[in-house]
Amino acid sequence: MSNASSSSHRYPFYTPRFWHGMPPRVWWGLLREGGFRVHPSRWPMMLAISLATPVNAALGLVQRILFGRRLRDAELHGPPVFIVGHWRSGTTLLHELLVLDERFGSPSTFQSFAPHHFLVSEWFFHRFAAWLLPGRRPMDNMATGWDRPQEDEFALMNMGARSPYRRIAFPENGFGDLEYLDFEGVDQADQQAWLTMLSEFLRGVSYASGRRLVVKSPTHTGRIGLLAKAFPDAKFIHLTRDPLSLFPSTVRLWKSLGEGQSLQKSEQGDLDEYVITCLRRMYAAFERERQDIGKHRLIDVRYEDLVADPLATVAKIYHDLQLADFDPLEAPLREWVEREHGQYQVNRHEIDPELSKKLRAEWSSYFERYGYASPQPARVATT
C-alpha cells in the first residue's frame with residue numbers, strides 16, 4: 001500500500017505513550033479488556049506505564065485538593081469551536097492555524113496526555129521534559145511539543161471514557177468501541193457520563209487558558225448532534241479530502257500508531273476494512289445530524305483549498321461562521337504561510353484499481369456530496 005518506511009525507530013523506550021496519563025483503575029481496566037495479551041517486546045512499555053499510573057493518581061489528588069472548587073465553578077470562555085472530519089483530512093493543520101489567533105486556546109498535548117493533573121504538573125514537563133517527545137510526528141512530519149494543540153479524545157480516553165482509540169493498544173482484539181463514533185446503541189446514562197467527562201476537561205483547559213477553545217478530534221465527526229445540543233452556541237468546521245488520498249494516508253496513520261503505541265505486535269491485516277467501516281459509520285451519523293445545525297454554525301472546508309490558500313480559506317471560515325474579526329489573525333497567519341507553507345514532507349502511494357473501485361462503492365455518498373466523484377489519477381500524494 002505504501003512505500004513509507006517503518007516509523008517504529010522514532011518511538012524510543014522513554015517516549016511517553018498515550019497510556020502514560022492513565023490512573024491505575026483505567027490502565028488495569030484496559031489491560032483486562034485486552035486479556036493481558038501483551039507481546040514480550042512491549043513488556044518494558046507496560047512496566048513503565050504501570051509505574052506511572054500511581055503518580056497520575058497522586059498528582060490528580062493534589063489537583064483536586066488545590067483546584068477542585070475552582071474547577072467545579074469554572075465556565076467556558078465562550079462557546080467552543082469544534083474541528084471535525086475524517087482522520088488525515090487536514091484537521092491538525094487547521095487546528096494549528098486557528099490557535100495562531102491569541103483570542104483562542106486549545107487543549108495542549110500535555111493537557112490531553114495528563115487530564116487529571118495538568119494544572120499542577122504542566123510547568124515541570126514544559127521546563128524539564130521537552131526532550132521526551134520526538135521532534136516530529138512519524139505519520140506526517142508535523143512538529144510536536146507539550147504545548148502544541150492536541151485532540152481532546154486522548155484526554156477522554158485517559159479519563160476512562162470509551163473510545164475507538166483504545167483499539168490502538170490491542171489491535172488484535174478487533175474493531176472495538178465503534179459505537180462511540182456515533183453513539184448508536186449507547187444508552188443515555190453512558191452518553192451523559194461521556195459528556196460529563198468532556199465538559200469537565202474543557203472547563204479545566206478553559207480555566208487554564210482563559211480563552212475560548214478550539215477543539216479538534218476526528219472522532220467527534222459522528223457526534224455533532226450530541227455536541228450541538230450540549231454546547232448550543234458551538235461552531236463546527238468540517239474538513240473533507242479526496243478519498244483516494246484520504247484512505248492510504250489513514251492506513252499509514254494507524255500503522256504508525258500501532259508500531260509506536262500498541263502493546264502487541266500485529267500485522268493489522270484488517271486495517272483496510274477498519275478504515276472503510278469507520279468513515280462509513282461516522283458519516284452516516286454526520287449527514288443525518290448536520291441537518292439540525294444552522295448554517296452559521298457549520299461550514300464545510302476542502303483540504304485541497306486549505307493547502308492551496310490557507311489565508312483565504314481561514315478568512316472565509318471566520319466570515320461564514322462569524323467567529324471573530326479576522327484582522328488580528330491575518331498578520332501571524334501570513335507570517336506562517338511565508339515560513340511554513342509547502343514545507344511538509346509528502347509520501348507517495350499507489351491506489352490499486354480494484355481498491356479504488358471498492359472505495360468508490362463503499363464511500364459513494366462521500367465522493368458525491370463533497371465533489372470527489374470525477375475520476376482521479378491512480379497515483380496520489382498524501383501526507
Side-chain angles (χ1 to χ4, degrees), residues 21 56 59-84 91-130 133 143-156 158-159 161 195-217 220 227-228 230-237 297 314-315 317-318 321-333 335-336:
N56 292 324
L59 288 173
L61 177 60
V62 173
Q63 177 163 300
R64 288 195 299 275
I65 292 171
L66 295 180
F67 293 95
R69 178 174 294 181
R70 279 176 278 183
L71 290 177
R72 285 192 296 273
D73 294 339
E75 296 183 357
L76 296 178
H77 291 269
V81 179
F82 289 96
I83 300 174
V84 300
T91 56
T92 298
L93 174 58
L94 182 59
H95 200 192
E96 296 267 356
L97 297 182
L98 291 189
V99 298
L100 292 173
D101 189 333
E102 294 185 351
R103 293 168 293 183
F104 288 120
S106 171
S108 70
T109 294
F110 186 80
Q111 290 166 347
S112 295
F113 170 86
H116 300 91
H117 56 76
F118 62 83
L119 288 174
V120 297
S121 58
E122 191 167 14
W123 67 272
F124 175 87
F125 279 79
H126 277 297
R127 182 171 298 181
F128 300 111
L133 295 178
T144 64
W146 290 122
D147 60 342
R148 304 298 286 243
Q150 185 57 266
E151 293 183 34
D152 58 301
E153 188 76 11
F154 297 116
L156 294 174
N158 283 337
M159 294 170 73
L195 268 176
T196 299
M197 278 190 243
L198 175 64
S199 297
E200 177 184 326
F201 176 65
L202 294 185
R203 288 199 310 272
V205 175
S206 186
Y207 172 82
S209 70
R211 301 173 184 178
R212 184 180 182 184
L213 298 183
V214 178
V215 181
K216 167 254 179 177
S217 183
H220 288 334
L227 294 172
F231 303 96
D233 297 315
K235 308 284 189 175
F236 297 89
I237 307 170
R297 295 184 65 193
V314 174
I317 291 171
Y318 270 59
L321 288 183
Q322 302 172 357
L323 281 187
D325 180 10
F326 178 69
D327 289 346
L329 176 58
E330 184 172 2
L333 183 55
E335 180 183 342
W336 181 93

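Owing to the predicted nature of the structure, the values given are computational and were not obtained by experimental measurement. Every heavy atom of this structure was used, including side-chain atoms; hydrogens, water molecules and symmetry mates were not.
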Q: Between F154 and T109, is there a side-chain heavy-atom distance shorter than 4.5 Å?
A: no
Q: Nearest 0.5 Å please: distance from the CZ atom of F201 over to the CE atom of M159.
A: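 Here the rounded value is 7.5 Å.
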Q: Go through it in stages, so that I can follow the logic: the residues are F67 and V120, the test is side-chain contact (heavy atoms from CB on, under 4.5 Å), and I'd like the CA-CA distance, side-chain angles, deciding distance and then a yes or no.
A: CA-CA 9 Å; F67 293 95; V120 297; 3.7 Å; yes
Q: Atom CD1 in I65, atom CG in L61: separation rounded to 0.5 Å?
A: 4.0 Å
Q: Ignoring hydrogens and geometry beyond distance, is a side-chain donor-acceptor pair present between H116 and N158 at under 3.5 Å?
A: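 Short answer, no.
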Q: Are side-chain heavy atoms of L156 and E153 found at a separation under 4.5 Å?
A: yes
Q: Look up atom OG in S209 and atom CD in Q111, then write down how far apart they are to the nearest 0.5 Å.
A: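 So the OG of S209 and the CD of Q111 are separated by 7.5 Å.
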Q: Do T92 and K216 get their side chains close enough for a donor-acceptor pair, meaning under 3.5 Å?
A: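 Indeed, the side chains of T92 and K216 share at least one donor-acceptor pair under 3.5 Å.
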Q: In this structure, are over 12 heavy atoms from other groups packed under 6.0 Å from E102 atom CD?
A: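 Not more than 12 within 6.0 Å, no.
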Q: Which pairs pass salt bridge (charged side-chain N to carboxylate O under 4.0 Å, His left out) with one or both residues in residues 199-212, sequence neighbours excluded?
A: none
Q: Write down the atom of L198, the atom of F231, and the distance for their closest heavy-atom approach.
A: CD2-CE1, 4.0 Å
Q: Would you name the heavy atoms of P107 and L202 that are closest together and state the gap between them?
A: CG-CD2, 4.4 Å
Q: So F110 and D147, side-chain contact (heavy atoms from CB on, under 4.5 Å) or not? Walk me through it.
A: CA-CA 7 Å; F110 186 80; D147 60 342; over 6 Å; no
Q: So do the side chains of L94 and V314 get within less than 4.5 Å of each other, counting heavy atoms only?
A: yes
Q: Between V84 and L227, does a side-chain contact (heavy atoms from CB on, under 4.5 Å) hold up when you go through it step by step?
A: CA-CA 11 Å; V84 300; L227 294 172; 5.7 Å; no
Q: Quick one: does any side-chain atom of Q63 pair with a main-chain N or O of F118 as donor and acceptor, under 3.5 Å?
A: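 Yes.
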Q: According to salt bridge (charged side-chain N to carboxylate O under 4.0 Å, His left out), does anything in residues 105-119 pair up with another residue at least two apart or in another chain? List the pairs.
A: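 Qualifying pairs, neighbours excluded: none.
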Q: Under 3.5 Å, is there a donor on one side chain and an acceptor on the other for D101 and Y318?
A: yes
Q: Atom OG1 of T91 and atom CD1 of I83: how far apart are they, to the nearest 0.5 Å?
A: 7.5 Å
Q: Would you say the side-chain atoms of K235 pair up with the backbone N or O of R297, donor to acceptor, closer than 3.5 Å?
A: no
Q: Would the distance check show the side chain of H95 and the main-chain N or O of V215 forming a donor-acceptor pair, the cut-off being under 3.5 Å?
A: no
Q: Under a 3.5 Å distance rule, please check whether S206 uses its side chain to pair with a backbone N or O of H77 as donor and acceptor.
A: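 Side chain of S206 to backbone of H77, a donor-acceptor pair under 3.5 Å: yes, one is there.
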Q: Determine whether a donor-acceptor pair (N or O, by modelled atom type, separation under 3.5 Å) exists between the side chain of S112 and the backbone of E151.
A: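 At least one qualifying donor-acceptor pair exists.
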Q: Are F236 and F82 near enough that their ring centres are under 6.0 Å apart?
A: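 Yes, the ring of F236 comes within the 6.0 Å limit of the ring of F82, centre to centre.
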Q: Check the pair I237, V81 against side-chain contact (heavy atoms from CB on, under 4.5 Å), reporting the backbone distance first and the verdict last.
A: CA-CA 8 Å; I237 307 170; V81 179; 3.8 Å; yes
Q: Kindly compute the distance separating CG (L59) from CG (L119), expressed to the nearest 0.5 Å.
A: 11.5 Å
Q: For the atom pair CZ (R103) and CG (D325), what is the distance rounded to the nearest 0.5 Å?
A: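 One gets 6.0 Å once the value is rounded to the nearest 0.5 Å.
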Q: Looking only at atom types and distance, does a side-chain atom of S106 sit under 3.5 Å from a main-chain N or O of L213, one as donor and one as acceptor?
A: no
Q: Compare every heavy atom of H117 with every heavy atom of G60, then report the nearest pair and how far apart it is.
A: N-CB, 3.8 Å
